[in-house]
Amino acid sequence: MGSLIGQGLVGIALPTVLALILNGLVLKAPTLTESRKWPLIGLIVAGCFVFSYSVIVGSIAFPPREATHWLPFITIGAVVFGSMLQFTSGVARSIVRLIAALATAWTVLQSQIFGRWPLLISVEWLVAVTLILFATSRLIERGGAARSTPTEILLGMALAAGFGAIALFLGGSAILGQICGAFGLVLAGLAVLTFFLAPAHLGPIIPLIYVLALGSLLLNGSLFSDLPWPTSGLLWIAPFGVLIGPPATPLGKNRNVRLLVRGLIVLFVIGLALVALFLIVQPNSNEY
Amino acid sequence: MIVRFTLFATLLALAGITSAKADNYKIDPAHSTILFKVGPYLGIGNIYGRFDTFTGNFVFDANNPAEDSVKVEINADSIDTNSAARDKDLKGPDFLNAKQFPTATFKSTAVKKVDDKDYEVTGDFTLHGITKPITLVVQVIGTGPGPKGETRLGTESTATLKRSDFDVKAMLPAIPDDVELRIAVEAVKQ
């Protein structure tokens with residue numbers, strides 16, 4: 001039992017604290033412009049994700065054999081594609097985003113559906129997941145920039161990932177749950193930092209990491225474990241609760257009240273997701 | 001011409017006699033069990049489980065082990081440890097990932113006769129998408145007619161493998177690495 005607790009501490013608490021300190025240093029650095037800060041923060045978040053994954057799983061498999069083996073590579077890929085998004089515009093930007101979404105959908109789905117399900121249905125799944133990842137990463141980045149503060153978006157993401165961890169755990173995968181929990185805590189730490197340091201924008205990198213990493217985790221949970229699809233879907237749309245209401249600015253009036261209200265909207269949707277989980281499956285308490 | 005024909009016929013007959021010695025058997029799942037033991041869990045107690053769905057056949061010739069072979073296919077989704085919650089975890093992505101790797105297989109590569117009853121069967125065991133050689137220690141329990149007059153052969157086999165060799169590493173070392181297999185088979189001669 002001691003080794004399990006130790007593994008949890010190293011795999012979850014250590015990357016959370018590390019990310020909090022490093023992200024704080026980057027956000028506070030006076031010599032860095034915001035367009036330079038976010039790629040660095042993206043690297044820190046992805047690095048902590050990979051560290052957490054390697055501790056919780058025990059290794060990083062290469063070449064990946066299972067859909068879950070792709071998770072660290074997807075996260076690092078998200079930083080690369082996110083950085084490309086930051087420095088491109090127009091059609092090129094959409095193409096970069098589409099490639100990132102397609103690559104993620106392929107890595108998760110190829111092992112499960114191709115060769116097992118009819119080709120047409122497999123292609124439909126690939127197209128559908130690609131479009132969902134593409135559209136949601138665009139919406140959370142652009143809609144978030146137009147209507148919410150970085151703190152609000154990060155809070156929404158952190159809540160979805162944090163409660164996603166519980167859903168994944170109860171849905172039958174303690175490992176995916178722990179990885180998702182660590183990711184949620186890293187995002188929560190970043191939300192706290194942005195609350196006090198109030199950057200002007202969030203940029204495309206963190207939202208892309210969030211969409212691709214959490215998307216892969218939830219897809220893995222629903223495809224290979226017993227996480228119900230309605231729970232995955234509701235967790236997926238939950239962070240968009242921060243887009244409801246009039247636009248907000250980082251240092252605008254009543255920002256605390258707005259943050260609270262928007263956080264509660266996100267929590268309401270997450271609550272529905274967990275109700276769906278308890279109604280659809282008999283959650284696995286992992287005690288046996 | 002007659003001499004050549006006689007020689008050819010004799011050779012054919014001899015070949016027939018030789019092949020007739022090796023008998024084909026099909027595993028009868030209703031009279032067979034694939035058990036495994038893992039433990040001690042958290043250093044406290046052993047957990048036993050079994051795979052309920054499997055198929056297989058083997059070729060057996062007591063006098064010519066070089067011709068013997070075994071092939072077994074196990075449905076990974078049929079794991080049963082007497083706890084639905086634990087079985088769900090074991091079938092899931094943390095352990096066997098039964099949706100991506102629905103079957104485990106054993107295919108023999110060499111059979112060595114130790115004595116009249118005991119054999120060592122080496123073969124490729126594929127679990128969780130990874131293939132590694134393992135050796136089964138097999139004991140022939142007995143053979144004889146079944147209730148319908150068919151010929152039956154019973155064996156009991158044991159083997160120990162490390163789950164980490166098959167990339168099943170979740171909860172190491174709380175759940176130990178060594179997995180002991182005990183396979184009781186009753187097979188019907190075809």
Side-chain angles (χ1 to χ4, degrees), chain A residues 1-8 11 54-71 108-117 168-180 216-227 281-288, chain B residues 36-50 75-77 79-105 125-132 162-178:
Chain A
M1 184 59 86
S3 65
L4 287 179
I5 294 166
Q7 193 184 39
S54 65
V55 171
I56 292 164
V57 175
S59 61
I60 292 174
F62 188 83
R65 293 186 311 110
E66 296 177 61
T68 53
H69 290 170
W70 284 98
L71 282 165
V108 179
L109 295 175
Q110 53 90 18
S111 61
Q112 171 63 13
I113 62 173
F114 284 91
R116 295 170 195 266
W117 296 359
L168 281 163
F169 190 82
L170 294 175
S173 178
I175 285 181
L176 292 181
Q178 287 180 68
I179 296 166
C180 196
S216 303
L217 282 162
L218 294 179
L219 272 171
N220 271 300
S222 290
L223 280 171
F224 300 107
S225 197
D226 286 335
L227 183 67
V281 293
Q282 184 69 40
N284 180 356
S285 68
N286 276 63
E287 287 176 11
Y288 37 74
Chain B
F36 63 87
K37 182 182 101 175
V38 184
Y41 174 54
L42 296 173
I44 300 166
N46 295 326
I47 304 287
Y48 283 82
R50 66 174 197 233
N75 182 357
D77 198 45
I79 196 167
D80 181 354
T81 63
N82 198 28
S83 163
R86 181 168 53 218
D87 294 344
K88 197 158 78 172
D89 272 5
L90 291 172
K91 293 174 194 175
D94 295 358
F95 290 91
L96 297 181
N97 200 356
K99 284 185 181 166
Q100 187 175 339
F101 305 109
T103 54
T105 58
F125 185 51
T126 303
L127 177 71
H128 197 224
I130 291 175
T131 303
K132 298 268 181 188
K162 289 196 181 296
R163 63 188 180 99
S164 61
D165 286 346
F166 298 87
D167 198 23
V168 183
K169 296 176 183 165
M171 295 180 78
L172 278 171
I175 301 173
D177 202 6
D178 284 348

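So that the names make sense, note that chain A is the first sequence line, chain B the second, and so on, each numbered from 1.
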Approximate separation, where rounding is to 0.5 Å, of B:Asp89 CG and A:Phe169 CZ: 8.0 Å
A:Ser173 to B:Asp94 - nearest heavy-atom pair and separation: OG-OD1, 2.5 Å
Side-chain touch A:Ile175/B:Met171, heavy atoms, less than 4.5 angstrom: no
Test item: B:Gln100 side-chain N/O and A:Arg65 main-chain N/O as donor-acceptor pair under 3.5 Å: yes
Over 12 non-hydrogen atoms of neighbours within 6.0 angstrom of CG in B:Asn82: no
Contact summary for B:Pro93 and A:Leu176, nearest pair of heavy atoms: CG-CD1, 4.1 Å
For A:Glu66 against B:Asp167, the heavy-atom pair lying closest together: OE2-OD2, 4.1 Å
Separation between NZ of B:Lys99 and OG of A:Ser225, rounded to the nearest 0.5 Å: 7.0 Å
Contacts with chain B made by residues 55-63 of chain A (heavy-atom distance under 4.5 Å), listed by residue number: A:Val57, A:Ser59
Which atoms of B:Ile130 approach chain A - backbone, side chain, both or neither, heavy atom under 4.5 Å: both
Test item: B:Lys88 and A:Asp226 side chains (from C-beta on) under 4.5 Å apart, heavy atoms: yes
